[in-house]
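First up is the structure itself, then whatever we jot down about it.
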Amino acid sequence: MEIYDDLRLGDIRVQTINDNYFDKLKLRVDVLRLDKIHPVVSGNKWFKLKYFLQQLHEEKSIAAATFGGAFSNHIIATAFVCNQLKIKCTGFVRGEEPKKYSPTLADAKALNMQLQFLSREQYRDKQSIIASNPSMFFIPEGGHGADGAKGAAEIVNLVPGFSAYKYIVGAVGTGTMMSGIANASYSNQKCIGISVMKNNYSLKDELLALVHETVKQRVTLIDGFHFGGYARYTESLIDFINMVWNKHQLPLDFVYTAKAMYALYQLAQKNYFEPYSNLLFIHSGGLQGNRSLKQKIHFDS
Ligand SMILES: *Cc1c(COP(=O)(O)O)cnc(C)c1O
């Protein structure tokens, strides 16, 4: 039984970016809009969860649990999917219980996720939390791991004419999504992950560990587009988000997709991509995370 069979996806589609900028460089840029799955549960977490929940179902576990921060896309996606499948779930959240919940935590709670708050020290020692909750089926933070990659590999099935893209570009947090996509890619394709982390020297190995041997030489991880680090941003990143929205009606999140798209623009300008090629950008979602921004972005008003 496929547990996801009954779940209906929203209006996922491929959007072409019509821009002189790319025309001059003889590039075609298409965006796979995974953000369209659902306004709050937007993006790759939906796919990464699938096989963990399948396993939970097969092991006849009755409750799911996972870890995440107060604005985590993974927490909200887990809450949503478990609620749909009527699976009990607990979210172990990093940090003391706040007086006022973030929109993400408020939504997760409304979706019947039990929230348990952990000090930063407790949060680091996840093994103890797992050991003291033997009745719970733990999904790794961020949906990281081989099961997550297996679910992410199915993303490419949503793309008409997938084999015609020479480059596939997307944001990398743990590398699970891009490794899954790379595993499902063709030998003529190159997969380019843009790291949203600063100084995470083990990330490349972690990503490659999830990639099939024959695919490894077609996968590249690019650093230097973190804008100060994970979930950090600058004024110019916000300007970029607004520019892309105004020009292309493409909403980006500041933690992942804006940094990856910014990198794509920059790399294109530096002739990183061969002229006359088709690029597929994976919009991995995460728009709900913009609710943590103090500053308004145009599509958010
Ligand atoms: C989690 C997330 C990513 C990163 O996915 P990984 O599989 O951890 O690399 C990228 N984009 C968005 C919007 C995410 O929520």
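This chain uses plain numbering: 1 for the first residue, then up along the sequence. Counting convention: from 1, in listed order, for ligands and their atoms alike. Everything numeric here is computed off the predicted structure, so don't read it as measured data.
For atom 8 (O) of ligand 1, the closest heavy atom belonging to the protein is T174 OG1, 2.6 Å. For atom 11 (N) of ligand 1, the nearest non-hydrogen atom of the protein is S284 OG, 2.6 Å. Among all protein heavy atoms, the one lying closest to atom 4 (C) of ligand 1 is G173 N, 3.5 Å. For atom 5 (O) of ligand 1, the nearest protein heavy atom (residue, atom name, distance) is N44 ND2, 3.2 Å.
A tilted orientation is assigned to the rings of H38 and F80, their planes being inclined by 30° to 60°.
Close placement of the F92 and F138 rings is indicated, their centers lying within 6.0 Å of each other. Between F273 and F22, the distance from one ring center to the other does not fall under 6.0 angstrom.
Contacts of E96 classified as side chain to side chain donor-acceptor pair (under 3.5 Å), with partners at least two apart in sequence or in another chain: none.
Near V172, the atoms of ligand 1 lying under 4.0 angstrom from a non-hydrogen atom of the residue are 9 (O). Within the listing of ligand 1, atoms 6 (P), 7 (O) sit less than 4.0 angstrom from a heavy atom of M177. Within the listing of ligand 1, atoms 13 (C) sit less than 4.0 angstrom from a heavy atom of G286. Each of the following atoms of ligand 1 lies closer than 4.0 Å to a heavy atom of G175: 6 (P), 8 (O), 9 (O). If you number the atoms of ligand 1 from 1 as listed, the ones under 4.0 Å from a heavy atom of T176 come out as 6 (P), 7 (O), 9 (O). Near K48, meaning under 4.0 Å from one of its heavy atoms, ligand 1 places the atoms 5 (O), 6 (P), 7 (O), 8 (O).
For G142, the closest heavy-atom approach to ligand 1 does not fall below 4.0 Å. Look at G43 and you'll find every heavy atom at least 4.0 Å from all atoms of ligand 1.
At a heavy-atom cutoff of 4.0 Å, ligand 1 is contacted by the side chain of N73 but not by its backbone. Counting heavy atoms closer than 4.0 Å to ligand 1, residue K45 contributes side-chain atoms (C-beta onward) but none from N, CA, C or O.
Here the closest non-hydrogen pair linking F240 and L252 is CE2-CD1, 4.0 Å. Taking each heavy atom of A64 and C82 in turn, the nearest pair found is CB-SG, 4.0 Å.
Within a 6.0 Å sphere centred on CD of E121, heavy atoms belonging to other residues, nucleotides or ligands number 12 at most.
Sorted by first and then second residue, the salt bridge (charged side-chain N to carboxylate O under 4.0 Å, His left out) pairs involving residues 278-289 (not counting sequence neighbours) form an empty list.
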**Study point:** From CA spacing to verdict: side chain to side chain contact (heavy atoms under 4.5 Å, CB included), F47, L158
**Key:** CA-CA 12 Å; F47 296 89; L158 301 167; 3.5 Å; yes
